[in-house]
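All remarks here apply to the structure that follows.
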Amino acid sequence: MANPTSTDDLFAFWRKQIETGTQTWADAVKGMGDRGQAPPAPPDPFTFWRQFVDPSMSAWATLQGAGPIDPGILKQWKRFLDDWLAAWTRALEQAMGTEAFAQSLGKMLDRFLTVQGTAQEAARRTNKATLDALGLPSREQIIAISRQLADVEDRLEAIEDQVEALRGGLPSTSPKSRGRGRTTRSGAARKRSNRKPGPL
Amino acid sequence: MATATDTKTTDHYEAWKTESERSIQRLRNLADIVAGSREPAVGQSARQEVYRKGKARLFYYEGKPTYQTPILFVPNLGISRPYIFDLLPKGSFVEYMVQHGFAFYLLDWGVFGPEDDYLTLTDCVTRILPRMAKKLLAHADARDCSVVGYCMGAPLAASFLATHHEFPVRNFVNLAGPIDFSDMGLIGCWLNRRYFDVDKLVGTMGQMPAEMVQMGFKLLRPTMDMSTALNLWWNLWDEGYVEGFRALNKWANEYVPFPGEFFRQWVKEFYQDNRLPQGTLRLAGRRVDLGSISCPVLAIGAAQDNIAPPRSVKAMIDLVASRDKEYLEVPGGHISLIAGRSASRDCWPHVAGWLASRSSRA
């Protein structure tokens, strides 16, 4: 490619380089997983990127010597970085969307859980012994109380439903019954603002 | 008379001067952010708690409704906090809907601890949602309501509609809620039953911890932090941008764990078995048949959504029996559908307009 002569050309040139480089890198990583073989030594990133970065730096140096820098270069620089990130995002998404990546992620999680399980069980036993010695309730006991409270809440709601059902069968004693027409919206709004939180 | 070269030099000078001033402002705002001197004020719309069940709470946002049909908003459970829907004044979905005359009720599922590990998806759909919906009708003094589900809240709410036909739902809106999980992109690939052992995770951890939820989402878009930092630096001179960043950044770093049993059921029945669109999902003995939903349905997908790909959202339209149904695809991602400038331009007006034409006036 000929040396770029304007900042626009330079960024177009860099963008192309970055996209090509990122895609090549992603293909290399993806290829390793797809083959299902022992992965070869990864490409040396310095050697890999030099082929793209060196021409860009040389073009940048040429441009620097050409005269005063256009202030628009900052916007172009930002655009260049956005493009660079977008290219990496696409490449990483491709690499992470493979079966090989999902498999390695699953294995990593499995190993973590195996270690974590053993550690948690040991910590649980120690904590329980300590809390027993101090006469304090264990985590399991507190959780059991929480579940009991939730059950009580459910029963209260069931009773509330039954009371409402029974009320539904009786003539309304409420000053505002549905038979007398719907509350206007402003009335309903007033009612809301006066109402306390509902029963627990 | 000024020459073209002089004009160009002056322009360059002005442009560099502006840039220098911005850079000074950037440094000031950066120092402010690093010092953490200003806590972003989020969720400022006036509201009151209407009902509480376990950790779940139903909130009513105060306003002067002009429609008789209230809205029950069902967000995702776990992952993140619901103040994203009321992030900042003039940048809030809740505020927008209230200002457009709707009585708005938000179901906040809560922040879960180990005591909630036993909470199942079935509990949420068959115990919590019906109770909250009933309390909403009583509080609003309404005969029916519209249900709006966002993200995971949409399949949960759709399951509620499909199993509680007696409940008077007038309209249903699915905002970026996956219905067909057959092709869920990266998340679907990672949660594949061949690689992801959800039983072992729940058995070991009890719940899906917030840290693991965070790791999963960071992995989904590894360049997100760099991109956020870059955009922040670029816009750091702009006070409005910085205010929005503070609020969004606070939200984006407050992850919420999943209750263990809920997560197990969510992954197995939705992601791994994809039961919802097939009609094979059963909750508390009731078959979840989306074909039994006949109210007007609006589904909105985001074109670049990598959490709920648009095709997974659109599937709802093919499955419901409704005659009045519509699918809309807007540009942007999962969050930009509900928060930010693009949401207020592309999504909120459509939701409000669609509901307005299908709600009773007071």
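Worth knowing before you read on, the calculation uses all heavy atoms, side chains too, and leaves out hydrogens, waters and symmetry mates. Labels below follow one simple rule: chain letters A, B, ... track the order of the sequence lines, proteins then strands, and each chain is numbered from 1.
Of the listed residues (A/Ala144, A/Ser146, A/Ala86), the greatest number of heavy-atom pairs within a distance under 4.5 Å of chain B belongs to A/Ser146. Here B/Asn231 is the residue among B/Asn231, B/Asn306, B/Asn192 with the most heavy-atom pairs under 4.5 Å with chain A. Comparing B/Arg194, B/Lys200, B/Glu115 by how many heavy-atom pairs each has under 4.5 Å with chain A, the most go to B/Lys200. Of the residues considered (A/Leu149, A/Asp82, A/Asp154), A/Asp154 shows the highest number of contacts with chain B, using heavy-atom pairs under 4.5 Å. Heavy-atom pairs under 4.5 Å with chain B peak, among A/Glu140, A/Arg139, A/Lys107, at A/Arg139.
Interface remark: A/Leu81 contributes backbone and side-chain atoms alike to the contact with chain B (heavy atom separation under 4.5 Å). With a 4.5 Å cut-off on non-hydrogen atoms, B/Met205 touches chain A through its backbone and its side chain both. Both the backbone and the side chain of B/Leu219 come within contact range of chain A, each with at least one heavy atom under 4.5 Å from a heavy atom of that chain. Looking at B/Leu230, both its backbone and its side chain come within 4.5 Å of chain A, counting heavy atoms on both sides. With a 4.5 Å cut-off on non-hydrogen atoms, B/Arg57 does not touch chain A at all.
In the displayed structure, B/Met224 atom CE is contacted under 6.0 Å by at most 12 heavy atoms of other residues, nucleotides or ligands.
Below 4.5 Å, heavy atoms of chain B meet heavy atoms from A/Asp110, A/Phe112, A/Leu113, A/Thr114, A/Gln116, A/Gly117, A/Gln120, all part of residues 110-135 of chain A.
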- Would B/Tyr195 and A/Leu105 satisfy side-chain contact (heavy atoms from CB on, under 4.5 Å), going step by step from the backbone distance to the final call? CA-CA 8 Å; B/Tyr195 317 120; A/Leu105 200 64; over 6 Å; no
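Residues B/Asp117 and A/Arg147 are not paired through a salt bridge, judged by the lack of any N-O separation under 4.0 Å between the basic side chain and the carboxylate.
Of the residues listed (B/Arg131, B/Lys134, B/Arg127, B/Arg52), the one engaging A/Glu157 in a salt bridge (Lys or Arg N to Asp or Glu O under 4.0 Å) is B/Arg131, and it is the only one.
The two residues A/Gly97 and B/Cys189 make their nearest non-hydrogen contact at O-SG, 3.7 Å.
Between the side chain of B/Trp190 and the backbone N or O of A/Met96 there is at least one donor-acceptor pair closer than 3.5 Å.
The distance from atom CG of A/Leu92 to atom CG of B/Leu220, rounded to the nearest 0.5 Å, is 11.5 Å.
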